[in-house]
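Beneath this line is the structure, given in C-alpha cells, with notes to follow.
In what follows, every chain begins at residue 1, and chains take the letters A, B, ... in the order their sequences are listed.
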Amino acid sequence: DGGITQSPKYLFRKEGQNVTLSCEQNLNHDAMYWYRQDPGQGLRLIYYSQIVNDFQKGDIAEGYSVSREKKESFPLTVTSAQKNPTAFYLCASSFRDRRGYTFGSGTRLTVV
Amino acid sequence: QKEVEQNSGPLSVPEGAIASLNCTYSDRGSQSFFWYRQYSGKSPELIMFIYSNGDKEDGRFTAQLNKASQYVSLLIRDSQPSDSATYLCAVIDGANSKLTFGKGITLSVRP
C-alpha cells in the first residue's frame, strides 16, 4: 500500500541536542512538506521541497534544517538553535498540482 | 501574505443536526479548496475538495464554494458524535502546490 511514514512516533530531546525526524513516502509524489502544530496555532510551514536537491524555507524555518537527496525521503533536523521545539511535527507530500496533500501520522517531540 | 480565516469556535451541535463550518480566503487567485478533519492527537485527513463554484456533495458532507465572495464552507448533515474533531480549511493558489491552512475549528457533536 502506498503511503507516507513518519518515525519515530514519539521523540524526546535533551537541551542542546540535535534530533532528526524521518519522513518517507512511496506515493511517487514530487513535493514534500514539514509542518509544526502547537495547540491553538494551526499548522505552520517549516520547509518544503518541490523537487529533489531543492527546498525552500517556510514561515518558521529558524532552528530547523532539511535535505532532499531522494524523491522518497525528506528528513527534518531540529537543531539546538530551536529554543522551543516541543510540538507535533507533521510531514506531508503531494503531486505538483492542485490535488492536495497526504499527511504522515506525525512525530510528537518533547524536550526533557 | 495569503490568509485563510475560519470562524472562531468551538462549535457545538446536537446529534442529528446540520453543522456549518465556514472559511474565507484572501487570495483571489486561489484555485483549489480543501477540508481536512483532524481527530485529537492524530494527523489531518482529507475529507472534501472543491475546485468550481457551487456545491459538491459526498455522503453527509457538502462543500460550497463562492469565488466571488472568496468563501468556502462545509456542511455536515445528520451530525454524529464521531464527527467531533477539528476541521481545517486549506487553499492552493495557482503558482504552486503549496497549501495555506486556516487555524481550524473544533466541532463537538452532543449525543
Side-chain angles (χ1 to χ4, degrees), chain A residues 2-10 21 23 25 27-51 54-61 74 87-110, chain B residues 1-10 21 23-27 29-52 56 58 61 63 65 67 72 74 85-106:
Chain A
I4 180 166
T5 302
Q6 286 187 244
S7 62
K9 192 176 176 79
Y10 298 95
L21 283 59
C23 180
Q25 54 96 4
L27 299 166
N28 200 32
H29 284 170
D30 305 294
M32 298 187 74
Y33 312 83
W34 274 105
Y35 285 87
R36 169 180 172 144
Q37 189 174 38
D38 297 277
Q41 295 261 6
L43 296 174
R44 293 187 288 169
L45 182 63
I46 304 172
Y47 270 98
Y48 65 102
S49 168
Q50 305 255 336
I51 56 173
D54 188 47
F55 48 83
Q56 287 77 42
K57 293 181 179 180
D59 302 317
I60 55 164
F74 192 41
F88 188 43
Y89 290 86
L90 287 160
C91 180
S93 66
S94 73
F95 291 110
R96 291 177 64 190
D97 58 21
R98 59 179 191 170
R99 280 181 271 182
Y101 295 174
T102 300
F103 281 92
S105 57
T107 293
R108 196 165 296 278
L109 174 62
T110 304
Chain B
Q1 173 107 7
K2 296 166 187 170
E3 292 183 350
V4 177
E5 300 282 343
Q6 295 185 243
N7 51 341
S8 59
L21 312 176
C23 175
T24 59
Y25 58 94
S26 63
D27 183 10
S30 299
Q31 296 189 354
S32 306
F33 307 86
F34 304 83
W35 284 98
Y36 284 83
R37 178 177 63 200
Q38 186 177 24
Y39 292 113
S40 180
K42 303 295 185 183
S43 61
E45 57 178 322
L46 180 65
I47 54 171
M48 288 288 287
F49 62 89
I50 186 167
Y51 303 148
S52 304
K56 179 182 178 182
D58 183 2
F61 298 98
L65 175 60
K67 288 187 177 181
V72 58
L74 179 70
T86 296
Y87 290 81
L88 301 165
C89 174
V91 172
I92 282 182
D93 65 24
N96 55 49
S97 57
K98 189 160 64 77
L99 285 174
T100 299
F101 285 88
K103 289 190 175 183
I105 182 168
T106 299

So what's closer than 4.5 Å to chain A heavy atoms on [X]: side chain, backbone, both or neither?
{"X": "B/Phe101", "answer": "side chain"}
{"X": "B/Gln6", "answer": "neither"}
{"X": "B/Leu99", "answer": "both"}

**Request:** Evaluate the ring planes of B/Phe34 and B/Tyr51, with Trp represented by its six-membered ring, and classify them as parallel (under 30°), tilted (30 to 60°) or perpendicular (over 60°).
**Result:** perpendicular
**Prompt:** Tell me, side chain or backbone of A/Phe95 under 4.5 Å from chain B's heavy atoms, or both, or neither?
**Reply:** backbone
**Message:** Need one label for A/Gln6: side chain, backbone, both or neither, based on atoms under 4.5 Å from any heavy atom in chain B.
**Reply:**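 Interface part for A/Gln6: neither.
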**Set of side chain to side chain donor-acceptor pair (under 3.5 Å) partners for A/Arg44, sequence neighbours left out** = A/Asp38
**Request:** Output all residues satisfying side chain to side chain contact (heavy atoms under 4.5 Å, CB included) with B/Lys42, sequence neighbours left out; order by chain, then residue number.
**Result:** B/Tyr39
**Request:** Give a yes or no answer on whether the side chain of A/Trp34 reaches the backbone of A/Phe74 with a donor-acceptor pair at less than 3.5 Å.
**Result:**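 Side chain of A/Trp34 to backbone of A/Phe74: a pair is present.
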**Message:** Tell me which of these, A/Tyr101, A/Phe88, A/Tyr48, has more heavy-atom pairs under 4.5 Å with chain B than the rest.
**Reply:**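 The candidate making the most pairs under 4.5 Å is A/Tyr101.
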**Request:** Specify which of A/Gly100, A/Gly106, A/Gly42 makes the most heavy-atom pairs with chain B at under 4.5 Å.
**Result:** A/Gly100
**Test item: side-chain donor near acceptor, B/Ser43 and A/Ser105, under 3.5 Å** = no
**Request:** State the CD1-CG distance between A/Ile46 and A/Leu90, to the nearest 0.5 angstrom.
**Result:**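 Rounded to the nearest 0.5 Å, the CD1-CG separation comes out at 9.0 Å.
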